[in-house]
Amino acid sequence: MQEFIERSIFTEEHDIFRHSVRDYIEKEIVPNNAQWEKAHMVTRESWEKLGANGFLCIQVPEAYGGMGITDFRYNAIFTEELSRSGCAGPAVGYPLHNDIVLPYLLDFGNEELKQKWCPKMASGEAIAAVAMTEPAAGSDLQGMKCTAEDKGDHYLVNGSKTFITNGYLCDIAVVAVKTDPTLGAKGISLLLMEAAMEGFTKGEPFHKVGLHAQDTCELFFDNVKVSKGNLIGKEGEGFKYLMHELAQERLVVGIGAVGAAEGIFWKTLQYTNERNAFGRSISQFQNTRFKLAELASKITMARSFLDQCTALHCAGKLDAAMASMIKYTTTELQCEVADECLQLHGGYGYIWEYDVARAWADARVQRIYAGTNEIMKELIARKFVGK
Ligand SMILES: Cc1cc2nc3c(=O)[nH]c(=O)nc-3n(C[C@H](O)[C@H](O)[C@H](O)COP(=O)(O)OP(=O)(O)OC[C@H]3O[C@@H](n4cnc5c(N)ncnc54)[C@H](O)[C@@H]3O)c2cc1C
């Protein structure tokens, strides 16, 4: 796939890795995606294969069974290539495990938790989720109701979570709970909960507008006994940890957004060259040329800003406002690109078997999760306008 602009943040080693990722996706992901969409989930086997091929949790230190590759650009390449392929379910579920859940364990988990779960996450034996959202609390996380009552050596967890990515297949979940319901943010803690714990049940995967190969579902906790050893970090610090990791989560969403926009742009360009109307290819109409020119310009700007943000993140300098800007601008662009590309496909654009139909449906949620784009604007305004 052609690049929109020279990618100065990557080296030759990164390019070699990119080619191996592309190869893998072409052979192991693309041929299976339609079947996974029908099943509303990928297979467990696909996770294990990814692990065996070294694409899961590459940043896990060798001491915990990983490769200890802490250069985030490799993770970025993996997400980017998955998204460019148009297999959006896998492009969301696998990176969530690698780059969104694992950091909680690595940055704040105790030794025992790391020893137990990092090797299994890296091999694909354990699939991970993160559960913050509740039926009555999404943007307003502090309003969550899920409680973890202190019972001495363990917590008793009651409540439910909803819209959980990887929820149906997950073996473990980092769950945000209220250890002190009388407090707001300071009453929130994070627990590593195991799906096998008694009283932990799951709903059926939701039938979503898009991301059909993603097993998004509800999680229910009915008097689940969770050992104090499963507390991530310190009690009452959960909200702080969430805020700490959300910058990377939002960057990952941006990486997916630009990758998906690029992927569908090139497919649409090809389609407009091949489709004829009024005796010529539709790419020769001025409207088509101008639409593609507009989209190419906007994608080039987004790619440039995104690579800059990835470099800032690698240097530990990506702040909350910048992460929000990248998430907001790139996901809005992804939806615009998908919509314009669908229009250029005419009626075929509305048929599910066409990549552009899926790109259109898959794009929409990007403006909603990982913090809605309205919340992103709030966070940006806080920096530039004040509280
Ligand atoms: C497919 C999918 C996967 C998801 N995966 C996960 C996951 O893995 N883990 C997880 O914990 N959650 C997940 N979510 C949940 C997601 O993060 C929430 O849906 C999102 O944060 C919005 O919360 P909500 O749905 O409760 O909407 P609400 O918070 O009720 O928002 C409704 C509307 O009000 C607006 N609004 C709310 N507050 C403000 C404000 N202060 N200013 C301006 N506008 C505001 C919102 O922007 C939105 O437009 C997922 C959701 C989906 C659909």
Side-chain angles (χ1 to χ4, degrees), residues 37 40-42 83 88-104 127-146 159-178 184-185 188-193 195 202-221 232 238-239 241-243 245-246 248-250 252-253 256-257 260 323-324 327-328 331-332 334-335 358 361-382 385 387:
E37 286 190 332
H40 294 290
M41 67 190 84
V42 302
S83 304
V92 168
Y94 300 142
L96 178 118
H97 171 96
N98 287 343
D99 304 326
I100 296 173
V101 187
L102 179 69
Y104 289 105
I127 300 167
V130 58
M132 300 177 249
T133 308
E134 298 185 2
S139 304
D140 181 15
L141 265 187
Q142 297 187 30
M144 69 173 68
K145 295 273 181 290
C146 189
S160 68
K161 296 286 173 182
T162 193
F163 306 135
I164 305 308
T165 301
N166 295 343
Y168 193 75
L169 287 174
C170 78
D171 302 287
I172 53 171
V174 171
V175 182
V177 292
K178 275 273 171 82
I188 294 174
S189 304
L190 300 183
L191 294 178
L192 190 141
M193 294 182 64
K202 300 166 175 178
E204 287 298 308
F206 285 120
H207 288 198
K208 303 185 296 297
V209 170
L211 298 188
H212 289 177
Q214 197 355 264
D215 54 312
T216 317
C217 76
E218 286 173 284
L219 305 178
F220 304 100
F221 314 122
I232 293 181
F239 195 74
Y241 302 152
L242 291 171
M243 295 306 116
E245 303 297 359
L246 278 172
Q248 177 159 307
E249 175 167 347
R250 287 166 185 159
V252 171
V253 172
S324 303
K327 195 269 174 183
Y328 153 55
T331 56
E332 297 284 337
Q334 180 187 358
C335 287
R358 295 204 300 280
D362 292 334
R364 189 60 184 83
V365 75
Q366 296 260 89
R367 286 158 56 194
I368 296 170
Y369 56 24
T372 66
N373 282 5
E374 291 71 39
I375 296 297
M376 295 306 100
K377 288 182 218 176
E378 265 303 319
L379 295 171
I380 299 161
R382 256 179 228 176
V385 189
K387 277 199 179 178

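Because only heavy atoms are used, hydrogens play no part in the values below, and waters and symmetry mates are left out as well, while side chains stay in. Start at 1 and go down the list; that is how both ligands and their atoms are numbered.
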| request: Using the six-membered ring wherever Trp is involved, compare the ring planes of Phe163 and Phe206 and label them parallel, tilted or perpendicular (cut-offs 30° and 60°). | output: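 Rings of Phe163 and Phe206: tilted, as their planes differ by 30° to 60°.
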| field | Protein residues that have a heavy atom under 4.0 Å from any atom of ligand 1, sorted by chain and number | value |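 Shell around ligand 1 (4.0 Å, heavy atoms): Val130, Ala131, Met132, Thr133, Gly138, Ser139, Phe163, Ile164, Thr165, Lys208, Thr216, Val365, Ile368, Tyr369, Ala370, Thr372, Glu374, Ile375.
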| query | Who passes side chain to side chain contact (heavy atoms under 4.5 Å, CB included) against Asp99, sequence neighbours left out? | reply |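 Expected list: Gln59, Phe72, Asn75, Thr79, Pro95, Gln248, Val252.
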| field | Residues that Ile375 engages under side chain to side chain contact (heavy atoms under 4.5 Å, CB included), provided they are two or more places apart | value |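 Here the qualifying residues are Ser139, Thr372, Leu379.
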| field | Heavy-atom closest contact (Asn373 atom, Glu332 atom, distance) | value |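 Looking at all heavy atoms of both residues, the shortest contact is ND2-OE2, 2.9 Å.
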| So, for Pro205 and Cys217, which heavy atoms are closest and what is the spacing to 0.1 Å? |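 Minimum heavy-atom separation between Pro205 and Cys217: CA-CB, 4.0 Å.
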| Asp362: what forms a side-chain hydrogen bond (donor to acceptor under 3.5 Å, both in side chains) with it, not counting sequence neighbours? |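 For Asp362 there are no side-chain hydrogen bond (donor to acceptor under 3.5 Å, both in side chains) partners, ignoring immediate neighbours.
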